[in-house]
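Here is the structure we will look at, set down as structure tokens.
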Amino acid sequence: MSEYRPLRVALLGAGSVGAEVARLLLEQKEELKSRVGAELELVGVAVRDLTTKREGFPKDLLTTDVESLILGADIVIEVMGGIEPAKEYILRALNSGADVVTANKSLLATHGTELFNVAEQVGAQLYFEAAVAGAIPIIRPLRESLGGDRVKRIMGIVNGSTNYILDRMDKSGISLEEAMAEATELGYLEADPSLDVEGFDAAQKAAILATLAFHTEVPLDKVYREGITSITVAQMKAAQRDGYVIKLLAICEFLEADSSGPEGISVRVYPALVPRSHPLAAVNGAYNAVFVEAEAAGSLMFYGSGAGGTQTASAVLGDVVSAAKRHVAGGPGLSNSTHAKLEILPISRIQTRYSVQLEVSDQPGVLAKIATTFSKHGVSIEAVEQSVLSGKEVVAYLEIGTHLASDAALAAVVEDLKASDAVQKVASVIRMEGL
Ligand code: HSE
């Protein structure tokens, strides 16, 4: 391979990912040069404050002059996070003809279309493998490897901190608050923990995955979202007893047209019961995994570290190498396809199974009344288990598993159950996935 001129690489952000990206670029310089056919020259690292003590960065590379750094670069790596000024910097980089590599999920989930349009107009590349599930290659498989297939469904554990919390609750029987305290101690949670535990982070990632999988722009506000904050020790115990584990799932699914509406896609995040035999049930601690079902490929599973400086830097470096190779080889490179323009369907359209737990009066006719409520809304019961609560002679605990039912029908059942004089309390309603 004849040697190309050195490619100037600018790094925006000097946090844990930035530090590892800089280290790998510098330490692996010779090897990367051989792989790419051009030297990758780290020309500067943009920081907000030069006086902050930073380990691992050559001092002469640090700069606050972001504008000059961007204008002189062939490839700009954005690992600073947040919407602004990251968006402004990325637009500036693209408009100056630089390729951009970003790990910024919140920016892509909210302003991705604008950024991709600009990239396409100016003929620059926008790579983002690190934005979803850290080190796990999932963007490239969806964009390229499965580019000739039809994705039917994606079911992923894409938030490591909530997976850690749920896993600890499952394995040690501790409460959500105790598990959250542990996750905080380990530095797993975002600065604003609600981004993790309320499912916002997973929703951003789901929007990005669904956009790629279904060639359809998915605005973040169309992603249905429930977090894990209402998961109780009792729900965990019941799940264990029945052979399930509770996981926070991001699901992107193609739904055929049916009597309740047209075809489209559902993009959603919620905690669900997953059978212990399902591959996602074995994803422990802060690990991530994405299970993809495609028409021709069948089932595929991608597993690995969803966060961490070094691991995320690996995904960033892979994108840098792709961008650099394009510079060397020339040509337009990848563009995003959002041609399908599928309808994004409300949660009421999905069909899944449910586990409903009720505290009921232990009297004749109660079970019949409850069964009637389910049948009134067309929801078929698959299993019922009753136990009498110790020390409360007149209260029984009912656990009802349903066959496939629509979310709309199940919501109507729950509303009626809450109003029923046979039911003292609707203790838990949780969806079941992966059956
Ligand atoms: N807060 C995220 C997580 C970090 O827990 O997975 C990686 O996006």
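Atoms within each ligand, like the ligands themselves, are counted from 1 in listed order.
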- Looking at L209, L212, T211, which hits side chain to side chain contact (heavy atoms under 4.5 Å, CB included) with C252? L209
Side-chain donor-acceptor pairs of residues 128-142 under 3.5 Å, sequence neighbours excluded:
| unit_1 | atom_1 | unit_2 | atom_2 | d |
| --- | --- | --- | --- | --- |
| E129 | OE1 | I139 | N | 3.4 |
| E129 | OE1 | R140 | N | 2.9 |
| E129 | OE2 | I138 | N | 2.9 |
| E129 | OE2 | I139 | N | 2.9 |
| R140 | NH2 | D319 | OD1 | 2.8 |
| R140 | NH2 | S322 | OG | 3.0 |

- Item | R150 to F254, cation-pi by 6.0 Å centre distance and 45° axis angle | no
Would you mind writing out the side-chain donor-acceptor pairs for residues 218-225 within the sub-3.5 Å range, not counting sequence neighbours?
| unit_1 | atom_1 | unit_2 | atom_2 | d |
| --- | --- | --- | --- | --- |
| Y224 | OH | E226 | OE2 | 2.3 |
| R225 | NH1 | E198 | O | 2.8 |

Could you list each N/O atom of ligand 1 together with any protein N/O atom closer than 3.5 Å, one pair per line with the distance?
| unit_1 | atom_1 | unit_2 | atom_2 | d |
| --- | --- | --- | --- | --- |
| ligand 1 | 1 (N) | E190 | OE2 | 2.7 |
| ligand 1 | 1 (N) | D196 | OD1 | 2.7 |
| ligand 1 | 5 (O) | N159 | ND2 | 3.4 |
| ligand 1 | 5 (O) | G160 | N | 3.3 |
| ligand 1 | 5 (O) | S161 | N | 2.9 |
| ligand 1 | 5 (O) | S161 | OG | 2.8 |
| ligand 1 | 6 (O) | G160 | N | 2.7 |
| ligand 1 | 8 (O) | K105 | NZ | 2.7 |
| ligand 1 | 8 (O) | K205 | NZ | 2.7 |

- Query: For K171, which residues count as a salt bridge (charged side-chain N to carboxylate O under 4.0 Å, His left out) partner, sequence neighbours excluded?
  - Reply: D167
- Query: For the side chain of D99 and the backbone of A124, is there at least one donor-acceptor N/O pair under 3.5 Å apart?
  - Reply: no
